[in-house]
Amino acid sequence: RAFWGWLNAVFNKVDHERIQAVGPDRAASEWLLRCGALVRYQGSPRWQQDYNGLPTGPLGKYKIEAINATDSCIMYRGFDYLDGLEHVTDIKLEKCMYIQDECLQRLSETNNLQKSLQQLKIISCGNVTDKGILALHKLTNLEYLYLSDLPGIREKEKTFRVLQQALPKLELELDLE
């Protein structure tokens, strides 16, 4: 078990030189696929899941529009890869054992995501608490938030009321016990 944690930490290590060399979308694609997530590019209906099948072409041609991190090992230390992404409208975090409040805080403090992100789904991420959900208030263009199976959320009504006040346009869908 410790070995896998170490390996996942290696997969999440940010290579800033790589980001400079291939651009933020390509570098983030490589990180996400290495960690088991899927990406979808602008103008494409299909999800990219094969690291070796990443599209080639002129630098900056492929822009990440959606991220599906279901069952992936993405963790906080890799979130610097998100900084340069300007076109991400949709993120799904499902069964991500390394996602915790600090990740959601980092997500909501990413300037480009504050502008572009419209949909966010957080499902079965056991380390997320009220603090992480409250941090999402900085995602000012968020239109839809789906929360399901998050046992770490203790003060549901208060948390959702505060979030709803901060983001009045937000459609909040809950499937919490």
Side-chain angles (χ1 to χ4, degrees), residues 12 19 23-33 35-49 54-55 60-72 74-76 78-96 98-125 127-150 152-153 156-176:
N12 279 277
I19 296 171
D25 289 273
R26 173 68 189 217
S29 297
E30 292 172 356
W31 164 61
L32 289 160
L33 294 179
C35 291
L38 310 175
V39 295
R40 195 179 70 234
Y41 298 107
Q42 267 186 335
S44 173
R46 63 180 204 89
W47 287 93
Q48 181 68 41
Q49 57 189 11
L54 275 171
K61 179 180 178 189
Y62 295 93
K63 303 290 186 189
I64 297 175
E65 182 174 64
I67 297 168
N68 180 343
T70 301
D71 287 318
S72 73
I74 64 169
M75 60 178 64
Y76 183 84
F79 273 48
D80 282 3
Y81 280 111
L82 300 174
D83 289 341
L85 303 182
E86 298 179 0
H87 303 89
V88 177
T89 59
D90 191 353
I91 296 177
K92 181 179 183 182
L93 303 171
E94 182 172 2
K95 297 180 194 158
C96 299
Y98 298 110
I99 293 296
Q100 63 224 35
D101 294 341
E102 293 77 14
C103 298
L104 297 181
Q105 210 160 349
R106 177 72 171 79
L107 195 75
S108 68
E109 289 169 356
T110 304
N111 287 333
N112 286 327
L113 292 178
Q114 289 175 351
K115 295 176 194 139
S116 69
L117 193 62
Q118 297 169 358
Q119 286 193 46
L120 178 60
K121 296 177 184 128
I122 306 170
I123 305 159
S124 303
C125 295
N127 297 319
V128 170
T129 71
D130 299 88
K131 181 183 172 194
I133 300 304
L134 286 170
L136 300 175
H137 78 277
K138 293 182 180 172
L139 295 170
T140 50
N141 282 320
L142 198 62
E143 296 170 3
Y144 177 77
L145 177 62
Y146 178 74
L147 302 173
S148 175
D149 186 26
L150 299 171
I153 296 181
K156 295 174 185 63
E157 289 77 21
K158 180 183 173 200
T159 298
F160 304 136
R161 189 173 53 250
V162 169
L163 198 57
Q164 207 75 69
Q165 285 172 341
L167 302 169
K169 298 182 304 189
L170 181 68
E171 178 188 340
L172 190 54
E173 189 177 339
L174 309 171
D175 181 14
L176 302 167

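The model shown is predicted, which means the values in this text are computed figures rather than measured ones.
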Evaluate the side-chain proximity of Phe160 to Leu147: yes if any heavy-atom separation is below 4.5 Å, no if none is.
yes
May I ask you to test the Ser108-Leu113 pair for a side-chain heavy-atom distance under 4.5 Å?
no
Please examine the side chains of Leu107 and Leu120, heavy atoms only from C-beta on, and report whether any two atoms are closer than 4.5 Å.
yes
Is there a donor-acceptor contact under 3.5 Å linking the side chains of Tyr62 and Ser44?
no
Has Gln118 got more than 12 heavy atoms of other residues, nucleotides or ligands less than 6.0 Å from its CD?
yes
For Gly152, is there any backbone N or O sitting under 3.5 Å from a side-chain donor or acceptor partner on Thr129?
no
Could you tell me if the side chain of Leu93 sits less than 4.5 Å from the side chain of Leu104, heavy atoms only?
yes
Decide side-chain contact (heavy atoms from CB on, under 4.5 Å) for Asp175 and Tyr146; before the verdict, give the C-alpha distance in whole Å, the side-chain angles of both, and the deciding distance to 0.1 Å.
CA-CA 8 Å; Asp175 181 14; Tyr146 178 74; 3.6 Å; yes
The reported gap from CG in Leu82 to CG in Asn111 (rounded to nearest 0.5 angstrom) is 12.5 Å
For the SG atom of Cys35 and the CG atom of Leu33, what is their distance to the nearest 0.5 Å?
9.0 Å
Taking only residues two or more places apart in sequence, or in another chain, which ones meet Lys131 in a salt bridge (charged side-chain N to carboxylate O under 4.0 Å, His left out)?
none
Check step by step if side-chain contact (heavy atoms from CB on, under 4.5 Å) holds for Tyr144 and Lys121.
CA-CA 8 Å; Tyr144 177 77; Lys121 296 177 184 128; 4.0 Å; yes
Donor-acceptor pair, side chain of Arg26 and main chain of Pro55, under 3.5 angstrom
yes
Review item, side-chain donor-acceptor pairs of residues 136-143, under 3.5 Å, at least two apart:
unit_1, atom_1, unit_2, atom_2, d
His137, ND1, Leu134, O, 2.9
Lys138, NZ, Glu109, OE2, 3.4
Asn141, ND2, Lys115, O, 2.7

So, taking the atom named CD1 in Ile64 and the one named CD in Gln48, what distance separates them when rounded to the nearest 0.5 Å?
10.0 Å
Got Tyr98 and Ile74 here, is their nearest side-chain heavy-atom distance under 4.5 Å?
no
For the atom pair NZ (Lys158) and CG (Asp130), what is the distance rounded to the nearest 0.5 Å?
8.5 Å
Sub-4.5 Å side-chain heavy-atom contact between Leu85 and Asp25:
yes
Rounding to 0.5 Å, atoms CG (Leu150) and OG (Ser124) come to a distance of 7.0 Å
Between Arg40 and Arg46 the two heavy atoms that sit nearest each other are CG-O, 3.3 Å
Nearest heavy-atom approach of Ser72 to Gly36 is CB-C, 3.8 Å
So Arg106 and Asp83, do their side chains get closer than 4.5 Å, heavy atoms only?
yes
How close do Leu38 and Trp47 get, counting heavy atoms only, and between which atoms?
CB-CE3, 3.7 Å
Would you call the rings of Trp31 and Tyr81 parallel, tilted or perpendicular, where under 30° means parallel and over 60° means perpendicular?
parallel
To the nearest 0.5 angstrom, please state how far the CG atom of Leu174 sits from the OG atom of Ser148.
9.5 Å
Which atom pair, heavy atoms only, marks the closest approach of Leu117 to Gln119?
CD1-O, 3.5 Å
Are the side chains of Leu145 and Leu163 in touch, meaning some heavy atoms are under 4.5 Å apart?
yes
